[in-house]
Every structure is written in C-alpha cells, then in structure tokens.
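Written out below as structure tokens is the structure these notes cover.
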Amino acid sequence: MAVAGDSEKPPYDSSSNDDSSLNNIVVDNEEALTGQVPLPVPAAIAPVPKLDGQTIKIGEEEDELYKHLPEHEKQIIKRQLDVPPTKVSFVTLFRYATTNDMIIMAISALCAITGGAVMPLMTVIFGQLTGTFQNYFNGTTSPAVFSSDLAHFTLYFVYLAIGEFITIYVATAGFIYTGEHISQKIREEYLAAILRQNIGFFDKLGAGEITTRITSDTNLIQDGISEKIGLTLTAVATFITAFVIAFIKYWKLTLILSSTVIAIVVTMGGLSPFIVKWNKKSLEAYALGGTVAEEVVSSIRNATAFNTQDKLAKQYDAHLTEAEKWGFKMKGILAVMIGLLFCFIYLNYGLSFWQGSRYLVAGEMTLSEVITIMMAIMIGAFSLGNVAPNMQAFTTGVAAAGKIFSTIDRVSPLDPASATGIKLDHVEGTVELKNIKHIYPSRPEVVVMEDVSLLVPAGKTTALVGASGSGKSTIVGLVERFYDPVGGTVLLDGHNVQDLNLRWLRQQISLVSQEPTLFATTIFGNIKHGLIGTRHERLGEEKIRVMVENAAKMSNAHDFITSLPEGYETNVGERGFLLSGGQKQRIAIARAIVSDPKILLLDEATSALDTKSEGVVQAALDRAAQGRTTIIIAHRLSTIKTADNIVVMSHGRIVEQGTHDELLEKGAAYYNLVEAQRIAAETENKNLDEATILDEKDGILHHSSTQEKGNEFAEDPDDFKLNRTKTGKSVSSVALQRKQDEASDTYSLWTLIKVVGRFNKSEWHLMLVGLLFSIIAGGGNPTQAVFFAKAIVALSLPPSQYAELRAGANFWSAMYTMLAFVQLIAFLVQGLAFAYCSERLVHRARDQAFRTMLRQDISFFDKEENTAGALTSFLSTETTHLAGMSGSTLGTILVVLTTLIAAITVSCAIGWKLALVCTSTIPILLGSGYFRFWMLARFQMNAKKAYEASASYACEATSAIRTVASLTREEDVSEHYHQQLVAQSAKNLRSTLKSSVLYASSQSFMFLCIALGFWYGGTLIGRREYTMLQFFICFSSIIFGAQSAGTIFSFAPDMGKAKHAAAELKKLFDRKPEIDSWSNEGEVLSDVEGTIEFRDVHFRYPTRPEQPVLRGLNLVVKPGQYVALVGASGCGKSTIIALLERFYDPLAGGIYIDNRPITALNINSYRSYLALVSQEPTLYQGTIRENVLLGSDRADVPEAAIEQACRDANIYDFIVSLPDGFATVVGSKGSMLSGGQKQRVAIARALLRNPTVLLLDEATSALDSESEKVVQAALDKAAKGRTTIAVAHRLSTIQKADMIYVFDQGRIVENGTHQELLARKGRYFELVSLQSLGKMH
C-alpha cells in the first residue's frame, strides 16, 4: 500500500470529516458508498525551499486570488504565470534587423528623402518657364533663345521624372522588403517563444489570444516598419525642401504665405481631435450595441423560446441612435475640415497674387519667383498632411510589439528548449509521487490534489479510476511535467523530475489522450512525429518506414491504413477530422509506441469510442503496454481488469488501491462501481444487435437489421465527440454548404444599388441638395484655372503698364476670395447632407440586419460561418462598408466628373489644340492619383493575406500545445514555420518588386504630363498661335484638374467592399427560415392541457447530417406529470427539449401536443405556453426587473405578478435585500450575480409566463451544492401543477420524478420511477452508482 498513512488510521465516517483538517472540501450528503471508504490523512507536507525567481509586483486583485496560500505555494503558482512587461520604443521594433537590413534601410531612407526633395524642384522649373513666356511676350527674348530655353526646361522635367521614379522605387521596395524580413523574424521568434512556454501560461491565455497575436499583431508591427517610414521621410523632405526653395527665392513673400501653412496645420490639428473623439464615441456606442447583439445572438435559443426578439432589437436600436448622433457630428466636422482646406488653397492663391503684385511693382521680385513660391508653399503644406496618418501606424506598431516582445522575453519556468538538467544513462521507468499537493495556476482557489503518494513500479500497468475531477488526469500532467506541484515531489527512478532535463524527460514518455490531436500532414508523417528527439530520428527513410508500419500493426491500424486509397500517404486534414475517432485514436497510439518509450500514459484513450472500435483499440493498448511502465486512466472498468495495480481516486485523494480481485474482496468503492457497470453491460449487450454496427475493417459499412430509414448511415459513434467540438466540418456538410453558397451570390449591380437606396428613401430631397452642391464643388477647379491664367497675364505686364497690373491683380485676388468662400459653402453643404444620409443608412441597415438575424431559425446559428462572433462582426463591419454605395460616393463621383468635364469644355473653347493634347494625359493623371492610394492600400492587404496560411499553421500548433509538448515537437514546428515563411517571403519579394513599379510610376508620370503640356504649349506660343492666357487656362485647368480629381478619387470609400456588403445583406434579407418566428400562419391556441407525445421521431442536426441523434423515439407525457430524461452526454436528451421548443423540426415522425401536431400551430402562440430554463442561464444587460419582464409577451405586467414569480423562484428576499432592489443592474451576461442567483432570476422569468409546460435543461448542473439545493427547491415548487420535462445529469435532483426515461444512442432503453429502476439494476442503476462514488460536492 503506497497511500500515506492509510493503514494505521482507523477508517472514519464522512460525518466527522466536516470539521477535520480536510474541511476545504465540502462533503455533501455522501451517499451509500463513501461511508465505508477510509480517507488518507494528510501527512505533514515538507516545506518547499523558497523560490528566488524574480516575481514582479502584480496588481492587487491578483494577490486577492492567492492570499489563502502559503508564500512558497504562491511563488510556485505565480512563477508559472508571470509575464514581465517589456519596454518597447520605436527603435526596439528593429531589434531583429540584420546588417543587410540596416544597409538596405539606409539606402532606402536616402532615396525617400531625395524623392521628397524632387517635388518642390518642379516648382522652380515651372516658375522659370513662366518667366520665359513673359520675356518672350514682352519682347525681351528672341524666338531662337525661347525655343532652346523651352527644350531645356522640358528636359529638366523629364530628368525629374526619371529621378523621382528611381528614388521612390528603391525607397518603397527597400522598406517593404526590410519590413517583411524583420517581421518574419519576429513571427518566428514569437512562435518559438510560445512553444517554449509552460502549459499553465496557455491555460491563462486561451488559444484565441495567441491566434490574434500571430495573425493581426505581427501585421500591425510590419505595417509600422515598412513603406510607411519611406512615405513619412518623403513627406518631411518635401516640406523642408519646399520652404528652403521658397525662402531662397524671396523670404518676405514666403513668410507672409506661411500663414497658409499655419492655417492648414491649426485647422487640421484643431479639428482632428474632435474627429477622433467623436469617432471614438460613435464606436463606443456601436460597441455597446455590439455587446447587446453578441449577448442576444450567443443566447439565441433563449430569445427565440421567450419570443423576446422585438424587445431586444429595440435595445440594440437605442445604441444605434446614440452612435448615429456622434457619427453625424464626426462626418460633419470632416466636411468642415475639407471645406476649410479648399478655402485656404484659394485664399492662398489670392494672397500670393495680391502681395506678389506689390513686390513685383516695387521691383523686389520677378513673376517666375512669385509663381515658384506660391506653388512650393502649396506643395509643402500638403505634404505635411501626409505625415499624420502614418504616425498612427507607428504608434499602433509599438503598442502591438509590447505584448509580443514580452512573450518572447519571458523565461519559461518549464522550458523544453533549455539544455540544463540531468539526462539519465539508463531508465528503469519507476514513477513515484510523494505527498503531492497540486493547484492549477489558472484556478488558484481550487486544490486539485491533496497529499497524494503513489508508487508506479517499472514495467507494470497501473490504472487510475474515479469520478471526473478526482485528479486522475492531473497525475498525467505532473508526470509529463506540464505543471509543477505546489508541494511534494514527482520522482523518476528516484530522481526528482525537476532536476531532469525537461525535453529528455518528455522523450521517455508517450501520451495518448482522450481527444487525440493529429496534425495536418500524412498518416506516415503523424506517426513519424513520435520519433522526434529519439535516437531513431536520424535513421534512413526506409528504416523509419519499417518502424512506422510495425507501430501501426501493433496498434491495429495497419489494415485500415493500407485499405485507404493513398495508404500511409493519406493526408488527415486539419486536426485529423477526415478520419473517424477510432481511426485517429489508433494512429495516435501508433505514434506513441513507435519510439518504444519507457513510460506510456493513456488518458481515457478509449472513452470516445463505441464498443466495437473500443475492443479493437483496447487490444492494441494491451499489446503496447507489455514490458513498459503504463499509467492508464479509465472510465470503463472492463478495460483495466488486468492492471497490476488499480488506484481509486476521489476528490484529489487516493481512496483505495490493489489488484482487481483484492479490491472486489474489500467490497468498497471499487466493488460498487464494478457491480454497476457489469449489470449495465449485460443490458447493453441485449440492445447491441439493434444498434448500427461497424465492421472490423472500419471502412466497409454494414446496414443492420433495424435500418429504419434511407438516410441513416452506419456510424462510428465516436464521431459524436469529435463533431461536438468541431461543428459541421464533416465532408457531407461541407458539400452541402458549397451547394448553397454558389447559388446565391449573383446579384446585379442595379439590384444592389436598389437595396442600398431603399434605406435612404426618406432622405431623397437631402440627397438632391447634396448632389447639386457636389456639382458646384466640382466646378471650383476649372474656374480657378481661368482666374489663375488671368492673374498670370496681369502680372506679366511690362513695367510701362504697372498701374493696370495692380488693378488686375487686385481684381483677380478678390475673385479668388469669392471662389474660396463659395467652395467652403459647397463642400460644407454636400458634406453635411451626405453625412446625415450615410449615418441614417448605416443605422437602418444595422437595425434591419439584426432583426432579420433574430428571425432566423436555430439551424442558421448552428452553421460554422454564423457563430456569434461572425454575426456580430458582420453587423459592425459589413454595414459600415455600405456607405461606399451611398450618396457620398455619388457626390465624390460627381465632383470628379464636373471638374473634368468643365475643364475640358472650357479649355476646348479657348484653345482646342493644346486642350486635346492635355486631355490625352487625363487618363494617366487620373490613374496616377488613384493608383498611388490604391497601391498603398494594396501593400497592406498583401502583407495580411500572405501570412494567413502560415498563421493558421502556427495556430494549429499552439492550440494543440499539449500534444506538441509531449512529442517534443517544438523545434520541428518552428523549422516548418520558418520554411513556410521563407517560401512566402520569396513570393512576396517578387510581387513587391512588381507593385512598387506601379507606385513609383504613379509618382513620376505627373512630371512627364506637365512636360508634354509645357513643351507643346510653348511651341504654339513660339508660333504666336496662342496667347499666354490661352496657354494657362488650357494647361492649368486640365492638368491640375486631373490631378486633384485623382486625389479625390482615392478618398471615395471602397466601392468593391460596398458591393460585397450589399450582396451579403441582400442574401440575409432574402433568407426565409423554415421555422419563421415572424409568420402568422398556423392555428392559434386558446388553451393547452399539456399532453405531449413523440411518435417515432427521427432527427439529425442540420450541420451534422451524418450523425443520427434520435432514432425512432416514442415518448408520452401526461398533463401535470414531472418527467425526467437521463443518460450519457450526447444521447439526445437536450435534443428533445430543442424539438419541443420547435428550434428544429424532426426529419420523420411527429411531435403532438393535445393530439395536435406542433408544426400546424402558430409558432408564437405555441411557444407562449412553454417556458425554458436552460443550463447556462442567460441574462441581458439591464436591471433585474427588465430581465424578469423578458419572460412575458405583454407590455403591462402588474408589479404583483413580478413579485409572485420571484417568490416562487426563491429569489424575492434576495432581490429585496439588495440596495437597489429590482433596479439592480446585472452587468453583461448577468456577471454581477452568482450562478445560483442568475439561475433563479431565469426561473422567475420562466414562471412569469405562467407556462403550461415547463422545460428544464440541466437547470442545476452548473451550480455548486449550496445553490443547487436552493434552486432545486425553487424548481420543485415551480413544477407543481404543470407538465414538466427535466433533463438532468445529477440524478439526485430527479428522484421525485413521476417517470424517468433513460436514454442511450437516441433511444429509450428503460423507464419507470426511481425505485423501480434501481430495483431493475440496469442502466439507471449504473449511472447512480457512478455518481455516488465521485460525489463531487
């Protein structure tokens, strides 16, 4: 006997237990069994030496959790969880940059700066050319000199274009390359760091968070260190160069015009905070709405059962109204900002001509200088605007890096990659646990094991049995050293496992767990993973193949593998979901034994299998266990009869141990368990011939004698388990989904525009106003071109006409001022009109989309693509994208069109030759403007897309971290990931080099177009065909018009996204569910007695059509009866509740209430007679009163009724004792109340309906024993005088039922009262015995 102090202590009764030293376990009415069980008394726990690991001061609430623990235990737990924060600055982002990266970045930075300086140089040439024209007209230069000057300056433009192209190309390509290279390194380091961490770290994090880090956070970092740096440098360089040039030309005018820059900066700086603030407010309101939506969608069964869709939709709408208000304010301010910017531009032109004319007359400067300075300042001011959005990318990058780098820098307390620790030369395989006390780091308040001592002799098989939660699996976790115990030691061959090298230790041990995890590779590859880190790893391919096949033969898998079309090369799919459970389990066993480990751990390796596959797998396990130390955890006792030692555990203690026969003689806990299971097994064998049987050879399906319906497949029932966890990924359902999707996605653009237009119908007059003002706004540019030309002509008059010059300049400057304010008003009006329309649009679209979602039947929400998360994000993102097809886009298009049409018309009227030449450049200029922004967006998209595949690989590895750790696959995974990233970056490099060409050319083509215009215009002027006025009107209206149009183009919200969003919404609006809660069809009931009848019901869940759930169920419930349904999980109990609520309709057979089929009744009328209390009580944000009121359909519920419902639910006194009483806010999902309190509020809500039929779906299973008693009392009270159907896991709760039905595999195997069924010693008896052994509470 290896149980500490077991034999000397007299057995004591559980009653004395309450005040003994063990009182941290509440022993709750221990029934029959544990009365005779001697419980070990904790021996004094040897103090563990205090760890000097550096712990960081963690917040108060964390210390709260640990305050009941002694200091050294606290240290051990904290050490497994602590993540020291890492300080990150922008420079830290480059910590993985190689020397090459540094050199490339330096060159790119240089190029970016040069490229930025080129832009303002253009203004110098432009000014000089204007000067040349002026001299020519004033007769100061000869035609010959004029032509050579013209050619000369035109060539300069071409040189600039070439220079700009090269520098921008190098800068963009260089920064994208280094950004990618560095972030690739960060991704690798991060994954390697994740794989190094101890398991406790993952319990705390959750796979979701790691996925986010790998997928989105690394993208954010990459975004912050790639082309954005180049863009920022370019913008800053442009700004500085522009001002340098302007100051050199003439400092006084430059200083005066700098006021424009200050105005622009102040406006942007002053208004941006408001935009950000209001945007945040609007997002916050949407987020609150999103929380409501998420709460409702995730508890859709509840909303449907209580028919509260409308009430909840109104709550959601309240948040939308709030968001709409802030959104309108934000878009309004944006309109003001755009209007002001245009206003400033025109005022700047006016000011420069007016002030410039005075200096010119005074002889302090020339025309060319005025023009150079004016344009330089415009360019400089706007380049500054380009810096702001990039700054945000830098700050987000730094923020994202904080979390990632802190994980990379975390020193794992159990680091499989470290080389420290002893490696034994020879392993016997004796495992011993001495006085173990264990607490899981993620749940510091629960002691899982208390003073357990156990010896597992080498080469022998030791079995662990006990109820779930008794600490069996914990032993496996401690032997594998996934966790460190807080007290006691684990020894291997007498060495403390904490002193051994961790990686070496795990290579000596093989683990087969309950849910086997296979990786997305071939069967051969999966089994070969078992050889990692062993001496066999380096053998030749041939030898390895022989070992793999031998292991497969030993695990009874060889036959079925060879019968597959591709044999060992069959790819198992992600997480192995293409194989049945039994097949996966056998491959996992082969993987465990291929390396011939010394220690084999089997954690319920057969529990997920049906009887037939279990026999096969069990045989494989018995073979595998021979001659090695084996620890087996089993639920089914038949599988461990032959074990050398059987250990019975309860509550983290060892209750008794010995061989099968010894324990049977004792007649204690083990004996009762065996008895129960033996009887059940006999009754089960009688039923076996009815069930659908799987042939030995796995693949060949037999149709058995009781094949009832054509669509039944013979099944490997272990798919149950798997499909529960991975809903609907089966082959047939994937095919079903495919069929449905392709049909629906083809709507014409016109249909979609109508869908969007419908939401804005009532605002049509506002839309018209907006469109009208868009046209006025678009006319600004061509008008300005005329003013510009007139002003230049005025300024180029010779000194003899200076008086005229001043008068002209003053007049045109005044015209500019007029234009500035007209533009301000036009942009303001159109901006505000469209802001209002698009906010209304988004609001209505969201509201309708949400209501339509709530209308759908439950099978809609079961689909993989319709999880609560997916639907809530659909509501938040897709609906916002719709704005891309609303009025504002139309407005933008109109502005662009007006600008271009007016420009072409005006210039053709004034000088058709030059106008046509300039018009030919429009597509190039438009394209350049558009492509610049499109490419920038593309760069970001590409970066995201590229890493999706490798990210999903990384996530697969991290979500199966225990399997990776036990196989010591860490290096293997990192290496794989590295290969994927390298391949990816090679591909990306090519696409980057290509796409940078487009970006660079869009930057440089503008110079070429200007050169063409000047050269041809100059030639015409040289021939005296055109005056200066004609030249400047044609040239500036078209060239500058096209440029500004191109930029506006890029601000248009994404049309593509909008089209997609509209199609998705249309698809949602058109979907009419089979069970439609909006429909008014069907008979309306006046009253219901409550006779319920199931007649030969067959059912499968729509998402798992290959999995039969109910197979020919017959069941009668009489009015006023209390009926209980019991059985193992997955046997179809909860399905009955779902069918009664009509969440689904059965495939065959019918459900009748008072002899009427429920499908013929009006659905809302029928549901109003039912009330459902489910396992997880769902409360919504709001007060207790609002939550109780959700139970009733009526608007005017008297206060007395609410109070009575709460009294019946045993919660009235509690509510009244709260400071706010019924007005107490329950928090999101009711998080402010305890489980028992929430459940009682849910019961009160159900009783407020005064239902005829009460459905209880495991209503107490999630509660502790104290609250369970209270809630159970409430339920018993509620059930009086009503037809009640209760699904229960805890059998103690249903002993009083009038009739108990025992389910197995979708059929009823036995029924009767509690007493009758116990006397029968059948399935029910077994369930009762099992539960009383491991009384959890």
Side-chain angles (χ1 to χ4, degrees), residues 199 429 431 456 460-465 468 472-482 505-519 523 525-534 547-548 550-558 560-561 572 575-576 579-610 613-636 638-640 642-643 716 718 721-722 725 960-969:
I199 305 289
V431 176
V456 179
K460 296 275 197 287
T461 300
T462 303
L464 308 173
V465 295
S468 56
K472 308 186 302 283
S473 299
T474 307
I475 291 186
V476 169
L478 292 174
V479 175
E480 276 271 12
R481 205 163 166 230
F482 286 155
L505 170 73
R506 288 185 182 158
Q507 280 161 4
Q508 309 309 311
I509 302 174
S510 283
L511 167 67
V512 180
S513 58
Q514 184 174 355
E515 283 277 312
T517 310
L518 301 184
F519 297 95
I523 293 180
N526 267 300
I527 299 180
K528 198 175 120 184
H529 284 156
L531 293 172
I532 287 172
T534 59
M547 292 183 71
V548 166
N550 286 339
K553 282 177 188 149
M554 264 183 86
S555 68
N556 279 342
H558 184 69
F560 95 77
I561 297 176
V572 299
R575 307 272 178 83
L579 299 172
S580 81
Q583 295 167 338
K584 277 168 46 173
Q585 197 56 284
R586 278 176 277 168
I587 290 174
I589 293 168
R591 173 174 71 188
I593 57 183
V594 67
S595 62
D596 192 23
K598 279 289 182 234
I599 300 170
L600 186 59
L601 306 175
L602 306 173
D603 187 353
E604 299 200 13
T606 59
S607 67
L609 311 180
D610 60 292
S613 354
E614 182 182 19
V616 182
V617 173
Q618 192 54 48
L621 289 176
D622 293 344
R623 259 157 73 186
Q626 279 159 17
R628 34 181 142 243
T629 312
T630 312
I631 299 179
I632 301 185
I633 295 177
H635 259 180
R636 300 205 186 135
S638 53
T639 57
I640 53 155
T642 54
D716 188 348
D718 58 339
K721 208 46 175 225
L722 304 166
T725 48
I961 184 72
R962 284 161 188 264
T963 313
V964 172
S966 74
L967 290 170
T968 60
R969 256 200 79 193

More than 12 heavy atoms of other groups within 6.0 Å of Lys460 NZ: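 Atom NZ in Lys460 is not crowded, with 12 or fewer foreign heavy atoms closer than 6.0 Å.
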
Nearest heavy atoms of [X] and [Y], plus distance in Å:
X      : Y      : value
Ile527 : Ala552 : CD1-CB, 4.4 Å
Leu518 : Ala588 : CD2-N, 4.5 Å
Ala592 : Leu600 : CB-CD1, 4.1 Å
Ala590 : Ala551 : O-CB, 3.6 Å

So, [X] side chain and [Y] main chain: donor-acceptor pair closer than 3.5 Å or not?
X      : Y      : result
Ser555 : Ile589 : no
Thr461 : Thr630 : no
Asn526 : Phe519 : yes

Going from [atom1] on [X] to [atom2] on [Y], what distance comes out if it is rounded to the nearest 0.5 angstrom?
X      : Y      : atom1 : atom2 : result
Leu464 : Thr474 : CG    : OG1   : 10.5 Å
Arg506 : Ile599 : CZ    : CD1   : 13.5 Å
Arg591 : Lys584 : CZ    : NZ    : 10.5 Å
Ser510 : Leu967 : OG    : CG    : 7.5 Å

Would you check if [X] and [Y] make a side-chain contact, meaning some heavy-atom pair closer than 4.5 Å?
X      : Y      : value
His529 : Ile532 : yes
Arg481 : Ile509 : no
Lys528 : Val594 : no
Asp596 : Arg628 : yes
Asp603 : Glu480 : no

Could you list the residues that satisfy side-chain contact (heavy atoms from CB on, under 4.5 Å) with Val476, not counting sequence neighbours?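 Only Leu511, Leu601, Ile633 meet the side-chain contact (heavy atoms from CB on, under 4.5 Å) criterion with Val476.
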
Output all residues satisfying side-chain contact (heavy atoms from CB on, under 4.5 Å) with Ile961, sequence neighbours left out; order by chain, then residue number.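 Scan of Ile961 (side-chain contact (heavy atoms from CB on, under 4.5 Å), adjacent residues dropped) gives Leu195, Ile199, Phe202.
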
